[in-house]
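Positions are given from 1 along the sequence. Below, all heavy atoms of this structure are taken into account, side chains as well, without hydrogens, waters or symmetry copies.
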Amino acid sequence: MFESLRKNIARHIEITDTEFEIFRGYFHPISIKKRDFLLKEGAICTFEAFVTKGCFRIYYTGESGSEQILYFAIEDWWATDIDSFMNQVPSILTIEALEDCEVLIISKKDKDNLYNQLPIVEKLFRIMNQKTLVAFQRRLISSHGQTADKRYLEFLEKYPSLEQRITQQQIAAYLGISHEFLSKIRKKMHKSE
């Protein structure tokens, strides 16, 4: 479990073996069964989770009752409600396991302690947060300025192996379109191949 975390960190910063041993000591492994929740809307998010196995959907429920998927967290991704985690306010997001999952969890208190013990960790999370912000900005621009066809192609590029692991309804909810419209897009793309 921890080797994938080490590889993830190495993509952002250099960390010594000794520093990594300290770092990993703040994380706790947990397992989540398919259809169980890592976080429910209304709860305060007390963790950041690194996914070592499985797939989560991170979504909110709109006023109409429809689910809007913000992103999927698969192996080597992080999952949290950053607003709830940072500000300790009730979450508007839900994090649900779409498969049996394993994650490494760090609490807010432990993360703050880790910042004090290993200052390089602040650099790590700053870089990761900046990359996350860029990804969300691109997603927002795409959702407002791209056709549904283009958004579907971007989904396939961003999550190349995920289409076989989730339902078409979940892909449609991520794209902000109906399941029927997604079916039309897929048929049109298969005809043009």
Side-chain angles (χ1 to χ4, degrees), residues 1-13 15 19-61 67-115 117-118 120-133 135-136 139 155 158-167 170-171 173-174:
M1 285 182 95
F2 287 97
E3 188 55 36
S4 59
L5 179 62
R6 175 105 192 226
K7 287 177 184 174
N8 183 276
I9 292 167
R11 287 199 305 269
H12 306 292
I13 62 168
I15 190 168
E19 289 169 331
F20 182 71
E21 286 306 310
I22 294 168
F23 184 85
R24 72 176 269 174
Y26 283 93
F27 284 82
H28 308 284
I30 63 167
S31 298
I32 306 289
K33 293 287 185 196
K34 181 178 180 175
R35 293 190 189 93
D36 282 349
F37 298 94
L38 189 57
L39 177 68
K40 286 187 177 181
E41 177 184 357
I44 293 177
C45 184
T46 59
F47 64 86
E48 288 189 40
F50 179 74
V51 182
T52 59
K53 178 186 170 201
C55 176
F56 291 93
R57 68 180 177 137
I58 293 78
Y59 69 94
Y60 70 94
T61 305
E67 294 176 357
Q68 305 296 312
I69 297 175
L70 294 182
Y71 67 101
F72 296 97
I74 55 176
E75 295 85 1
D76 202 35
W77 283 55
W78 292 80
T80 192
D81 177 333
I82 195 67
D83 181 21
S84 179
F85 180 76
M86 294 299 298
N87 298 311
Q88 293 296 280
V89 296
S91 178
I92 62 168
L93 300 180
T94 298
I95 303 176
E96 179 185 10
L98 299 178
E99 303 170 343
D100 289 345
C101 297
E102 294 176 3
V103 295
L104 296 171
I105 296 282
I106 187 167
S107 70
K108 182 164 179 27
K109 180 183 174 191
D110 284 345
K111 188 175 177 185
D112 290 341
N113 289 336
L114 186 55
Y115 284 161
Q117 190 170 4
L118 282 178
I120 194 165
V121 172
E122 282 201 74
K123 179 181 180 182
L124 168 68
F125 282 102
R126 177 183 49 82
I127 291 168
M128 289 178 10
N129 286 337
Q130 288 171 337
K131 289 182 177 184
T132 299
L133 186 57
F136 276 121
R139 177 147 157 70
F155 165 81
K158 183 174 184 175
Y159 299 105
S161 63
L162 190 57
E163 190 173 23
Q164 292 76 37
R165 295 169 68 179
I166 62 176
T167 67
Q170 290 163 343
I171 295 171
Y174 174 83

- request: Please say whether the positively charged group of R57, taken as NZ for Lys or CZ for Arg, lies over the ring of Y174, i.e. under 6.0 angstrom from the six-membered ring centre and within 45 degrees of the axis.
  value: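 No cation-pi geometry.
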If you compare all heavy atoms of [X] against all heavy atoms of [Y], which two are closest, and at what distance to 0.1 Å?
| X | Y | result |
| --- | --- | --- |
| P90 | I44 | N-CG1, 4.0 Å |
| A73 | W77 | CA-CB, 4.0 Å |
| V51 | I74 | CB-O, 3.4 Å |
| L70 | R139 | O-NE, 2.9 Å |

- prompt: Mind checking what makes side-chain contact (heavy atoms from CB on, under 4.5 Å) contact with E75, not counting sequence neighbours?
  reply: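 Partners of E75 by the side-chain contact (heavy atoms from CB on, under 4.5 Å) criterion, ordered by chain and then number, come out as R165.
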message: Just to verify, what does K33 make a side-chain contact (heavy atoms from CB on, under 4.5 Å) with, not counting sequence neighbours?
response: D36, D100
Distance from [X] atom [atom1] to [Y] atom [atom2], nearest 0.5 Å?
| X | Y | atom1 | atom2 | result |
| --- | --- | --- | --- | --- |
| E19 | R24 | CD | CZ | 15.0 Å |
| Y26 | I106 | OH | CD1 | 8.0 Å |
| I82 | L93 | CD1 | CG | 11.0 Å |
| M128 | I9 | CE | CD1 | 8.0 Å |
| K108 | M86 | NZ | CE | 5.0 Å |
| Q130 | R126 | CD | CZ | 5.0 Å |

query: Applying the side chain to side chain contact (heavy atoms under 4.5 Å, CB included) test to Y71, which of Y159, Y59, F56 qualifies?
result: Y159
Where the side chain of [X] meets the backbone of [Y], is there a donor-acceptor pair that is under 3.5 Å apart?
| X | Y | result |
| --- | --- | --- |
| N8 | S4 | no |
| E163 | P160 | no |
| T52 | E102 | yes |
| S84 | V89 | yes |
| T80 | A49 | no |

message: I'd like to know whether the aromatic ring centres of F50 and F27 sit less than 6.0 Å apart in this structure.
response: no
Taking the side chain as C-beta and beyond, is there a heavy-atom pair between [X] and [Y] under 4.5 Å?
| X | Y | value |
| --- | --- | --- |
| L98 | F72 | yes |
| D81 | F85 | no |
| L38 | I30 | yes |

- prompt: Is the number of heavy atoms from other residues, nucleotides or ligands under 6.0 Å of R35 CZ greater than 12?
  reply: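 No - once you tally the heavy atoms of other residues, nucleotides and ligands closer than 6.0 Å, there are 12 at most.
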query: Where do K7 and D76 land on the side-chain contact (heavy atoms from CB on, under 4.5 Å) test, with the steps shown first?
result: CA-CA 9 Å; K7 287 177 184 174; D76 202 35; 5.8 Å; no
query: For L124 and F23, what are the C-alpha separation, side-chain angles and deciding distance, and is it a side-chain contact (heavy atoms from CB on, under 4.5 Å)?
result: CA-CA 11 Å; L124 168 68; F23 184 85; 3.9 Å; yes
field: Worked check of side-chain contact (heavy atoms from CB on, under 4.5 Å) between R6 and I15
entry: CA-CA 9 Å; R6 175 105 192 226; I15 190 168; 4.2 Å; yes
field: Chi angles and distances behind the side-chain contact (heavy atoms from CB on, under 4.5 Å) call for T94, T61
entry: CA-CA 9 Å; T94 298; T61 305; 5.7 Å; no
